[in-house]
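Right, one structure below, let's go through it.
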Amino acid sequence: MNPLIITCAITGAETTREKQPNLPITPKEQAIAAEECVKAGASIIHLHVREDDGKPSQRPERFKEAIDAIRARVGDVIIQISTGGAVGESIENRAKPLALKPEMASLNLGTLNFGDDVFINHPKDIEGFALKMREHGVMPELEVYEAGMIETGFRLAKKGILTGPLHFQFVLGVPGGMSGEAKNLNHMVSFMPEGVHWGVAGVGRYQLPLAVQAIVMGGHVRVGFEDNIYYSKGVVAKSNAELVARISRISAEVGRPVATPKEARALLGIQ
Ligand code: KMH
Ligand code: ZN
């Protein structure tokens with residue numbers, strides 16, 4: 001089996017310190033968390049940043065601080081910045097950190113209800129993000145919350161807006177999007193042609209079962225406090241790395257090696 005790429009979404013925009021006391025917020029905390037995650041088997045860090053007071057931010061200067069701090073500790077990890085930001089953030093601000101030319105960035109392929117909010121991704125803005133990523137040589141990770149969004153990804157590829165190998169991330173379990181039941185991941189994967197990469201990020205209680213399902217199906221896995229704060233029912237996780245380490249152990253048990261950052265680059269076709 002191909003090696004398993006583990007992404008850790010260490011911070012997110014919605015998780016709070018009140019709910020998860022071990023949430024990394026400052027660049028230094030994020031760098032420590034990233035290093036622990038890489039040691040535990042992660043090869044990609046999905047990165048949101050916060051100001052010191054915990055507020056979600058899309059300030060490029062703050063992203064640069066976090067990226068520099070992470071790079072100083074774990075030189076070769078793949079850093080994937082978020083262009084989703086927090087619900088309600090302007091498109092202009094969401095796009096700003098792309099100027100830092102990270103290796104990867106998230107590209108959200110549609111609008112959906114997001115808990116009590118609406119996460120808006122207008123078709124023209126999706127194209128705008130994709131074109132900017134192409135201009136800056138950034139590999140998009142295609143965030144999909146509903147099956148129809150997969151077709152948006154293929155449409156953008158057909159139009160030549162998305163080039164290179166496609167990498168989908170199925171984010172399942174957002175209240176307002178598709179839930180994290182096993183049949184939903186099977187349905188998503190049924191649309192994946194040969195040569196297209198995919199991973200799954202299960203929200204809340206779906207994180208672990210969907211990860212296990214993806215490991216045996218040959219897909220990739222995202223864990224982390226952005227999507228889930230618990231280790232098990234009612235038990236708050238001690239660190240992001242604790243969640244990564246469990247996935248590495250399960251993957252090893254079923255005979256699937258875990259990718260290093262170098263192997264993840266080769267698998268995804270990142271230059
Ligand atoms: N915070 C969510 C509204 C992404 O990183 O691109 C969107 C999100 C997706 O986190
Ligand atoms: Zn995110």
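Residue numbers run from 1 in the order of the sequence given. Keep in mind that the numbers below use all heavy atoms, side chains included, and drop hydrogens, waters and symmetry copies.
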[X] and [Y]: same hydrophobic cluster, using ILVMFWY side-chain contacts below 4.5 Å?
X: Leu109; Y: Met178; result: yes
X: Leu112; Y: Phe191; result: yes
X: Val221; Y: Tyr206; result: no
X: Val189; Y: Val212; result: no
X: Val244; Y: Val254; result: yes

Report yes if some heavy atom in the side chain of [X] is under 4.5 Å from a heavy atom in the side chain of [Y]; otherwise report no.
X: Leu172; Y: Leu210; answer: yes
X: Asn228; Y: Val203; answer: no
X: Ile44; Y: Leu268; answer: yes
X: Phe225; Y: Cys8; answer: no
X: Ile215; Y: Ile247; answer: yes
X: Ile81; Y: Leu98; answer: yes
X: Leu100; Y: Ile67; answer: yes
X: Tyr230; Y: Val235; answer: no

(request) Test side chain to side chain donor-acceptor pair (under 3.5 Å) on Thr15 and Gln20 and set out the steps. (result) CA-CA 7 Å; Thr15 308; Gln20 173 40 280; over 6 Å; no
Shortest non-hydrogen separation from [X] to [Y] and the atoms involved:
X: Ser57; Y: Phe63; answer: O-CE1, 3.9 Å
X: Ala66; Y: Pro27; answer: CA-CB, 3.8 Å
X: Ser248; Y: Gly41; answer: OG-CA, 3.7 Å
X: Asp227; Y: Ala9; answer: OD2-CB, 4.3 Å
X: Ala69; Y: Ala31; answer: O-CB, 3.3 Å
X: Leu4; Y: Gly219; answer: CD1-O, 3.4 Å

Does a donor on one side chain and an acceptor on the other come within less than 3.5 Å for [X] and [Y]?
X: Ser179; Y: Asn184; answer: yes
X: Glu143; Y: Asn121; answer: no
X: Glu89; Y: Gln58; answer: no
X: Asn2; Y: Arg256; answer: yes
X: Asn108; Y: Tyr145; answer: yes
X: Thr11; Y: Gln30; answer: yes
X: Asn93; Y: Lys96; answer: yes

Side chain of [X], backbone of [Y]: donor and acceptor closer than 3.5 Å?
X: Thr7; Y: Ile45; result: no
X: Ser106; Y: Glu141; result: no
X: Glu135; Y: Leu131; result: no
X: His220; Y: Ile5; result: yes
X: Gln213; Y: Ala182; result: yes
X: Asn240; Y: Ile10; result: yes
X: His136; Y: Val138; result: no
X: Arg62; Y: Val49; result: no
X: Arg71; Y: Val77; result: yes

(message) Would you say that more than 12 heavy atoms from the other residues, nucleotides or ligands in this model lie under 6.0 Å from the CG of Asp53, or not?
(response)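 Atom CG in Asp53 is packed in, count exceeds 12.
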(message) Counting only heavy atoms from other residues, nucleotides and ligands, does the tally under 6.0 Å from CZ of Arg205 exceed 12?
(response) no
(message) Check this for me, if you would: do Asp76 and Lys262 make a salt bridge, where the nitrogen-to-carboxylate-oxygen distance has to be below 4.0 angstrom?
(response)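 No salt bridge links Asp76 with Lys262.
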Approximate separation, where rounding is to 0.5 Å, of [X] [atom1] and [Y] [atom2]:
X: Arg17; Y: Lys19; atom1: CZ; atom2: NZ; answer: 15.0 Å
X: Glu263; Y: Leu267; atom1: CD; atom2: CG; answer: 7.5 Å
X: Arg155; Y: Ile150; atom1: CZ; atom2: CD1; answer: 12.0 Å
X: Met133; Y: Ile161; atom1: CE; atom2: CD1; answer: 12.5 Å
X: Met217; Y: Met192; atom1: CE; atom2: CE; answer: 10.5 Å
X: Leu47; Y: Ile70; atom1: CG; atom2: CD1; answer: 5.0 Å

(request) Walk me through it: do Arg50 and Glu226 pass the test salt bridge (Lys or Arg N to Asp or Glu O under 4.0 Å)? (result) CA-CA 12 Å; Arg50 306 286 183 97; Glu226 172 166 346; over 6 Å; no
(message) Below 30° counts as parallel, above 60° as perpendicular, anything between as tilted: where do the rings of Phe114 and Phe119 land?
(response)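 The arrangement is perpendicular - the two ring planes meet at more than 60°.
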(request) Could you go through the salt bridge (Lys or Arg N to Asp or Glu O under 4.0 Å) check for Glu242 and Lys238 one step at a time? (result) CA-CA 7 Å; Glu242 197 183 19; Lys238 290 193 195 79; 3.6 Å; yes
(message) Applying salt bridge (Lys or Arg N to Asp or Glu O under 4.0 Å) to Lys39 and Glu35, what does each step give before you reach the verdict?
(response) CA-CA 6 Å; Lys39 282 188 179 146; Glu35 185 178 29; 3.8 Å; yes
(request) Step by step, work out the side chain to side chain contact (heavy atoms under 4.5 Å, CB included) result for Arg222 and Val200. (result) CA-CA 6 Å; Arg222 178 170 112 181; Val200 72; over 6 Å; no
(request) Kindly write out the residues that satisfy salt bridge (charged side-chain N to carboxylate O under 4.0 Å, His left out) with Arg246, not counting sequence neighbours, or none if the list is empty. (result) none
(request) Step by step, work out the side chain to side chain contact (heavy atoms under 4.5 Å, CB included) result for Met104 and His167. (result) CA-CA 11 Å; Met104 288 185 91; His167 171 52; 3.8 Å; yes
(request) For side chain to side chain contact (heavy atoms under 4.5 Å, CB included), just list the numbers for Glu146 and Met149, CA-CA rounded to whole Å, side-chain angles, deciding distance to a tenth of an Å, and then say yes or no. (result) CA-CA 6 Å; Glu146 285 286 351; Met149 294 182 192; 4.1 Å; yes
(request) Please report the C-alpha distance between Ile32 and Glu29 in whole Å, then the side-chain angles of each, then the deciding distance to 0.1 Å, and finally whether the side chain to side chain contact (heavy atoms under 4.5 Å, CB included) criterion is met. (result) CA-CA 5 Å; Ile32 293 167; Glu29 289 165 354; 5.8 Å; no
(request) May I ask you to check whether Phe154 and Phe168 place their ring centers less than 6.0 Å from one another? (result) yes
